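See below for the structure under consideration.
Worth saying up front: this structure is predicted, and the values here are computed from it rather than measured. The sequence lines fix the lettering, A, B, ..., with proteins before strands; numbering per chain opens at 1. Every heavy atom of this structure was used, including side-chain atoms; hydrogens, water molecules and symmetry mates were not.
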Number of protein chains: 2
Amino acid sequence: MFEIAQLAGVSESTVSRALSGSPLVNENTRNRILKIARSANYTVNINARNLRQKRTRTIEVLIPLAEYGRQHMSDPFYLDMLGVLADALSERHYDMLLTKRAPWAKGVETNSIQCGRADGIIIMGQGQDLEALRNFTDLYPQVVVWGGHLREDDYIVVGTDNVAGGKLATEHLMKLGRKRIAFLGDPAEPEIALRQQGYRKAFLDNGIAVDESLIFSAPFDAREARASAEKMLQSGVSFDAIFCASDVIAMSAITTLRNAGLDVPRDVAIVGYDDILIANSFGPSLTTVSQRIQEGGKTMVELLLQRIEGKSVDTTLLPVELVVRESCGAP
Amino acid sequence: MFEIAQLAGVSESTVSRALSGSPLVNENTRNRILKIARSANYTVNINARNLRQKRTRTIEVLIPLAEYGRQHMSDPFYLDMLGVLADALSERHYDMLLTKRAPWAKGVETNSIQCGRADGIIIMGQGQDLEALRNFTDLYPQVVVWGGHLREDDYIVVGTDNVAGGKLATEHLMKLGRKRIAFLGDPAEPEIALRQQGYRKAFLDNGIAVDESLIFSAPFDAREARASAEKMLQSGVSFDAIFCASDVIAMSAITTLRNAGLDVPRDVAIVGYDDILIANSFGPSLTTVSQRIQEGGKTMVELLLQRIEGKSVDTTLLPVELVVRESCGAP
DNA sequence: TGCGGGCCTGCAATGGATTTCATCACTCAC
DNA sequence: GTGAGTGATGAAATCCATTGCAGGCCCGCA
């Protein structure tokens, strides 16, 4: 920067101001400096700037990513969300640091906010350890969490109204005349538990008793969705519809049922949750509860940046909506 | 850090050395300092460190991510790769900066290497503008590219032997006795072009003329794969097998064919490319050419770090292998 | 002529760690 | 007893940009 200052015949202060678009510098001076900087192929050093300004314009995003060792598949939902977040952040000139491990995990001695690597964190999903999350957000409030709305958590949560979503999906199947509607999903994940709650609510509100044998909620995640669907079949329990807690689960279920010679949706109707893009691309396409990924991602970024600026911010509950994607899935 | 030094009764130099694990500091002193630092909840400021050391222990990863505006879907292949990269990088104590836009794109005035944000860049896919990529890597050699092996490019490329892979896939279909094997994929992407080359080679090497009407290579990408498969059907060209340039395309094709009442693989056998995890989870599962995502991701990280350390490094060609995932797809 | 402002610009302090070089206390060998 | 060698620590320079404050200049107005 000193050299640029020399070339332009001004001080470093002026160069700095010119490059950062400060209104304190004269129009002509600025243009001259900009031209010189460009021709010298000069860029300000981000680290020096971060150090001085005590902020990094970087947001950490925490995502459960595929684990190849154990052949664990991560849900394409995250890929969609990542795309939206990348757009929303870059629009506001923020960078995105991607991480798999939670800052409170064992072996992680510090976190990116504390050590000045990021200004805030977006956490995708509450995960299983709700208390660790709560402790962390108590210490570092510059956090937004995607997930379900549990009691009075004091961190900012963005996500759909999972109970309403679960109810919506289930009632949709009821309206189709389905009598034995099963639930498939792992309630260890808070969001899924809420969706299951919505499923139950649909029955209760319609004066029907919940048949517990129809709730398949043994612990599993997407990677085992297919196996679980097979277990459903083998269990001998009869059903004519399934509310699947995610689109990936729904797609697995459809495949499994079809392989078993069943007709979807004639024999068994399916509804999913998420509305991920890939579900459109091959099918059969789904009726699904939209997670409003676009809206949700943008909202998370907005709220986080507001909180970073010190504004007080409230948790956001996104309204749910049932969408039908293309033709051949459940009607 | 000054405060920690005070508490421990030593100088800042010593604290710094103790915290960074320098052998120059006495065992006892180190432990004392570590204990104090922990109890004071102190962490070194990353930006100051980066500034001083002129390196960030951060790698930028460039990925074509989903674009919701135009409903563009990004291939789950990238999600798998992201997981592997995240592991490989964190194992070596590197962070991952995720970006959608190429540093040479319009409106991007600088790049992360130049401004000190990252030590190197991993670029997923050569994309369409080969020259821009070449110019960029000429200026900044700390780059590894995932993609196809084109002539004598001087940047480091990691990827499977796409020609061999294409040939392998095609010959597999030939061995199954298929006579009219189609190709589906967009050769605008260099990797795909090479796979198509392999497809042609399979015919030539077996003394069969290539039927150009079987090559469906109109420009499109994964988002339109389904539409393209439909066009194939409507074209009236008869075929009894398809070599699809990616698993996503293959899955779309399978769906489309089945919706049209065809039996896969009896009427039409399918082979894909990538071996993505999600393909196992719902199906029908695929015969596919493995991209060795795990191996490839690790290799990219290794080579990049070596180059950053100044070692001279060579492009790596991963051998191809045909894998069959589960039961119900093409045999 | 003198004074209050407005507009630019420069000086110098600042942010927080790393690292070179010097120092100092000791030991050991000759 | 002296010099070399070793191990641990500290002082101070360095990385590079930002910013509060002070100052210079010009203008208008009294």
Side-chain angles (χ1 to χ4, degrees), chain A residues 1-38 40-58 93 95 109-119, chain B residues 1-38 40-58 93 95 109-119:
Chain A
M1 175 168 277
F2 177 73
E3 293 173 25
I4 303 295
Q6 295 266 304
L7 288 172
V10 294
S11 72
E12 294 181 51
S13 324
T14 308
V15 174
S16 170
R17 282 191 270 257
L19 261 42
S20 65
S22 156
L24 284 170
V25 67
N26 183 290
E27 193 63 26
N28 300 326
T29 320
R30 148 169 309 121
N31 289 334
R32 188 157 43 88
I33 294 175
L34 284 181
K35 199 177 292 176
I36 292 172
R38 225 185 311 270
N41 199 24
Y42 167 84
T43 325
V44 297
N45 181 305
I46 290 281
N47 297 306
R49 161 181 286 177
N50 289 348
L51 173 59
R52 183 65 229 248
Q53 296 193 150
K54 296 190 163 194
R55 69 179 213 153
T56 59
R57 283 202 157 270
T58 301
H93 307 289
D95 284 333
E109 58 307 292
T110 185
N111 69 75
S112 46
I113 295 178
Q114 155 118 338
C115 74
R117 196 186 270 305
D119 298 337
Chain B
M1 175 167 278
F2 176 73
E3 293 174 25
I4 302 294
Q6 294 267 305
L7 288 172
V10 295
S11 72
E12 294 180 53
S13 322
T14 307
V15 175
S16 171
R17 282 192 269 256
L19 261 42
S20 66
S22 157
L24 284 170
V25 67
N26 183 290
E27 193 65 25
N28 299 326
T29 321
R30 149 167 308 120
N31 290 333
R32 188 155 44 88
I33 294 175
L34 283 180
K35 200 177 292 174
I36 292 173
R38 225 184 313 270
N41 198 24
Y42 167 84
T43 326
V44 297
N45 181 304
I46 291 282
N47 297 306
R49 160 180 288 176
N50 290 349
L51 174 58
R52 182 61 229 243
Q53 295 192 149
K54 296 189 164 196
R55 68 176 211 158
T56 59
R57 283 203 158 269
T58 301
H93 307 290
D95 284 334
E109 58 307 290
T110 185
N111 69 75
S112 46
I113 295 178
Q114 154 118 337
C115 73
R117 197 187 269 305
D119 298 337

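- Counting non-hydrogen atoms under 4.0 angstrom, B/T43 reaches the backbone sugars and phosphates but no base.
- Side chains of A/S16 and A/S13: a donor-acceptor N/O pair is absent below 3.5 angstrom, by distance only.
- Below the 3.5 angstrom threshold, one finds a donor paired with an acceptor across the side chain of B/S13 and the base of D/dA11.
- Side-chain N/O atoms of B/K54 include none lying less than 4.0 angstrom from OP1 or OP2 on C/dT18.
- Distance from the side chain of B/L24 is smallest for D/dT9 among the nucleotides D/dT9, C/dT9, C/dG15.
- Counting only heavy atoms from C-beta on, B/Y42 has its side chain closest to C/dA17 among C/dA17, D/dT9, D/dC15.
- At the phosphate of D/dT18, OP1 or OP2 sits under 4.0 Å from a side-chain N or O atom of A/S16.
- A/M1 is listed as a side-chain neighbour of A/V44, based on a closest heavy-atom distance under 4.5 Å.
- Distance, A/R57 CZ to D/dT18 P: 13 Å, rounded to whole Å.
- Using a 4.0 Å heavy-atom distance criterion, B/V10 is classed as a sugar-phosphate-only contact.
- Proximity of B/N26 to the phosphate of D/dA8: a side-chain N or O atom is located under 4.0 Å from OP1 or OP2.
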Under the criterion side-chain contact (heavy atoms from CB on, under 4.5 Å), I'd like the reasoning laid out for A/R30 against A/E27: C-alpha separation, chi angles, the key distance, then a yes or no. CA-CA 5 Å; A/R30 148 169 309 121; A/E27 193 63 26; 4.0 Å; yes
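- Across D/dG10, D/dC15, C/dT14, the shortest atom-to-atom separation from the side chain of B/R52 is found for D/dC15.
- No contact: B/V15 has no heavy atom under 4.0 Å from any strand.
- For the pair B/F2 CZ and C/dG15 C1', the computed distance is 15 Å after rounding to whole Å.
- At whole-Å resolution of the value, CD in B/E12 and P in D/dA13 are 14 Å apart.
- Between the CG atom of A/N50 and the C1' atom of D/dT19 there is a distance of 16 Å, given to the nearest Å.
- We find that CD of B/Q53 is positioned 17 Å from P of C/dG16, with the value rounded to whole Å.
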Stepwise, does the side-chain contact (heavy atoms from CB on, under 4.5 Å) test hold for A/D119 with A/I113? CA-CA 6 Å; A/D119 298 337; A/I113 295 178; over 6 Å; no
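- Nearest to the side-chain atoms of A/T29 among the listed nucleotides C/dT9, C/dG15, D/dG10 stands C/dT9.
- Rounded to an integer number of Å, the gap from B/N47 CG to D/dC16 P is 15 Å.
- In the set C/dA17, D/dA11, C/dG16, the nucleotide with an atom closest to the side chain of B/L51 is C/dG16.
- What separates CD of A/E3 from P of D/dA17 is a distance of 10 Å, to the nearest Å.
- Of the residues near DNA chain D, A/L19 and B/R17, the one whose nearest nucleotide (by heavy atom distance) lies more toward the 5' end is B/R17.
- The interatomic distance linking B/R55 (CZ) with C/dA17 (C1') rounds to 15 Å, in whole Å.
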